[in-house]
Amino acid sequence: MGRILCVANQKGGVGKTTTAINLAAALAKAGCRTLVVDFDPQCNATSGLGCRPILHHPLVRGQALQEAILRTRQEGLELLPGTKSFRDVERLARDTSLMPAIREQLRLGMAGYDFVLIDCPPSVGQLTRTALASSDEVLMPIQCEYFAMEGLAQMIEVIRQVMTAEAPKLQFAGILLTMYDHSLELTLEVEREVREFFGEIVFQTVIPRDVALAEAPSHGLSVLDYAPRSRGTRAYVELSWEVRDLG
């Protein structure tokens, strides 16, 4: 059984999907069999990997996950696409009676992969809690901006609740600083505060502001395939080294 990482933060626009796609791509290029699970109703991880959302989610329909998993353009990287079906999303988000079966279904379906990355919605709702309870580790991206710390305490409290009640083996993979601009004093201040407060659970790798990271999803590619010599590519390759070393 490989490692299941939940990429989560209650704030939107912090680089969750960008991280899920590009870290997964870097791990796959390193020879790891990798799966991205799109748990966000916006389905950005699905479109960002050049695929289309599915009409009905297998987690709601009781369908075997392997029947819904798609190959991406990159060898070794597969995708469980998201759905924009309002009815399915509502059931996933609100029908708590489904949760034990969904967690078991996820665990069985994700066996055989070296790494599974679950892209969560920007919330601390039931979808995120289910993803956390189904994971081994949680990776939390935060952007290097003024409100970076806002809501972080609430997210960490939710993670602790899940650890206590549902997933005692869940661990912090780490906090990832994104949208990093070393020329801005604000970026350096945020980094200093985060590292002083959280210490060793903050990744050494930081993800820079890079236009290639923004452009790649519109081509259905990871930044590693879209702009292999970009700063974003180098950062996610370095992050993949850190993640692998944690294992």
Side-chain angles (χ1 to χ4, degrees), residues 3-21 24 35-48 53-69 79-111 113 115-142 150-176:
R3 293 164 59 191
I4 304 172
L5 283 78
C6 179
V7 184
N9 191 318
Q10 71 176 53
K11 287 176 66 65
V14 299
K16 288 190 307 299
T17 301
T18 298
T19 294
I21 289 174
L35 173 69
V36 172
V37 177
D38 191 348
F39 237 43
D40 188 343
Q42 298 176 87
C43 300
N44 289 335
T46 298
S47 59
I54 47 181
L55 293 176
H56 299 293
H57 208 290
L59 294 175
V60 172
R61 306 289 165 166
Q63 177 186 1
L65 295 193
Q66 290 298 328
E67 296 177 14
I69 287 174
L79 169 73
L80 178 62
T83 181
K84 292 187 177 181
S85 163
F86 180 78
R87 181 176 296 178
D88 284 6
V89 169
E90 278 290 295
R91 289 201 67 194
L92 283 171
R94 304 197 183 282
D95 191 345
T96 56
S97 67
L98 289 173
M99 294 307 115
I102 286 175
R103 287 198 293 269
E104 181 64 18
Q105 195 177 355
L106 280 169
R107 282 283 180 179
L108 291 173
M110 294 184 295
Y113 292 95
F115 286 94
V116 176
L117 280 80
I118 305 178
D119 183 36
C120 292
S123 76
V124 290
Q126 192 61 48
L127 280 173
T128 297
R129 288 171 181 265
T130 298
L132 287 167
S134 304
S135 301
D136 304 309
E137 305 162 59
V138 55
L139 189 158
M140 192 185 312
I142 64 171
E150 186 180 83
L152 197 55
Q154 184 181 0
M155 186 72 214
I156 290 174
E157 179 57 30
V158 168
I159 292 168
R160 286 177 175 158
Q161 289 173 9
V162 173
M163 285 178 173
T164 302
E166 302 176 72
K169 295 183 179 180
L170 181 66
Q171 299 179 344
F172 273 101
I175 293 172
L176 176 67

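Numbering of residues begins at 1 and proceeds along the displayed sequence.
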Measure the spacing between CZ of Arg3 and CD of Gln171 and express it to the nearest 0.5 Å.
9.0 Å
Under 4.5 Å between any side-chain heavy atoms of Pro122 and Lys16, yes or no?
yes
Interatomic distance, CG@Leu170 vs CG@Asp136, rounded to 0.5 Å, equals 8.0 Å
Would you check if Cys6 and Cys120 make a side-chain contact, meaning some heavy-atom pair closer than 4.5 Å?
yes
Within the distance-only criterion (no hydrogens, no angle test), does the side chain of Lys84 pair as donor or acceptor with the backbone N or O of Ile54 below 3.5 angstrom?
no
Is the shortest heavy-atom distance from the side chain of Leu35 to the side chain of Phe115 under 4.5 Å?
no
Inter-residue atom distance Gln10.CD - Ser123.OG, 0.5 Å rounding
8.5 Å
Determine the minimum heavy-atom distance between Ala8 and Met140, stating which atoms define it.
O-CG, 3.2 Å
Just so I know, are the side chains of Phe39 and Asp119 near enough to count as touching, which here means a heavy-atom distance under 4.5 Å?
no
Does Thr17 use its side chain to pair, donor to acceptor, with the backbone of Asn44 at less than 3.5 Å?
no
Begin with the C-alpha distance, continue with both residues' side-chain angles, and end with the deciding distance and a verdict on side chain to side chain contact (heavy atoms under 4.5 Å, CB included) for Leu65 and Leu80.
CA-CA 8 Å; Leu65 295 193; Leu80 178 62; 4.1 Å; yes
Does some side-chain heavy atom of Ile118 sit less than 4.5 Å from a side-chain heavy atom of Ile4?
yes
Rounded to the nearest 0.5 Å, what separation is found between the CG atom of Leu139 and the OG1 atom of Thr19?
7.0 Å
Quick one: list whatever passes side-chain contact (heavy atoms from CB on, under 4.5 Å) with Ala24, sequence neighbours left out.
Thr34, Val36, Leu77, Leu117
Shortest non-hydrogen separation from Val7 to Pro141 and the atoms involved:
CG1-CG, 3.9 Å
List in chain and number order the residues that pass side-chain contact (heavy atoms from CB on, under 4.5 Å) with Gln161, two or more places apart in sequence or in another chain; answer none if no residue qualifies.
Arg129, Glu157
Once side-chain contact (heavy atoms from CB on, under 4.5 Å) is applied, do any residues pair with Thr18, and if so which ones, sequence neighbours excluded?
Asn22, Leu213, Tyr236
Do Val37 and Val116 make a side-chain contact, defined as non-hydrogen atoms from C-beta onward lying under 4.5 Å apart?
yes
Quick one: does Ile142's side chain get under 4.5 Å of Val14's, heavy atoms only?
no
Suppose we screen for side-chain hydrogen bond (donor to acceptor under 3.5 Å, both in side chains). Which residues come up paired with Thr46, at least two apart in sequence or across chains?
Asp38
Residue set satisfying side-chain hydrogen bond (donor to acceptor under 3.5 Å, both in side chains) with Gln42, at least two apart, ordered chain then number -> Asp40
Heavy-atom pair of closest approach, residues Ser135 and Ala131:
OG-O, 2.6 Å
Does Thr128 have any side-chain hydrogen bond (donor to acceptor under 3.5 Å, both in side chains) partners at least two apart in sequence or in another chain, and if so, which?
none
Is any side-chain heavy atom of Leu5 closer than 4.5 Å to a side-chain heavy atom of Val138?
no
Taking only residues two or more places apart in sequence, or in another chain, which ones meet Ser134 in a side-chain contact (heavy atoms from CB on, under 4.5 Å)?
Arg103, Leu106, Thr130
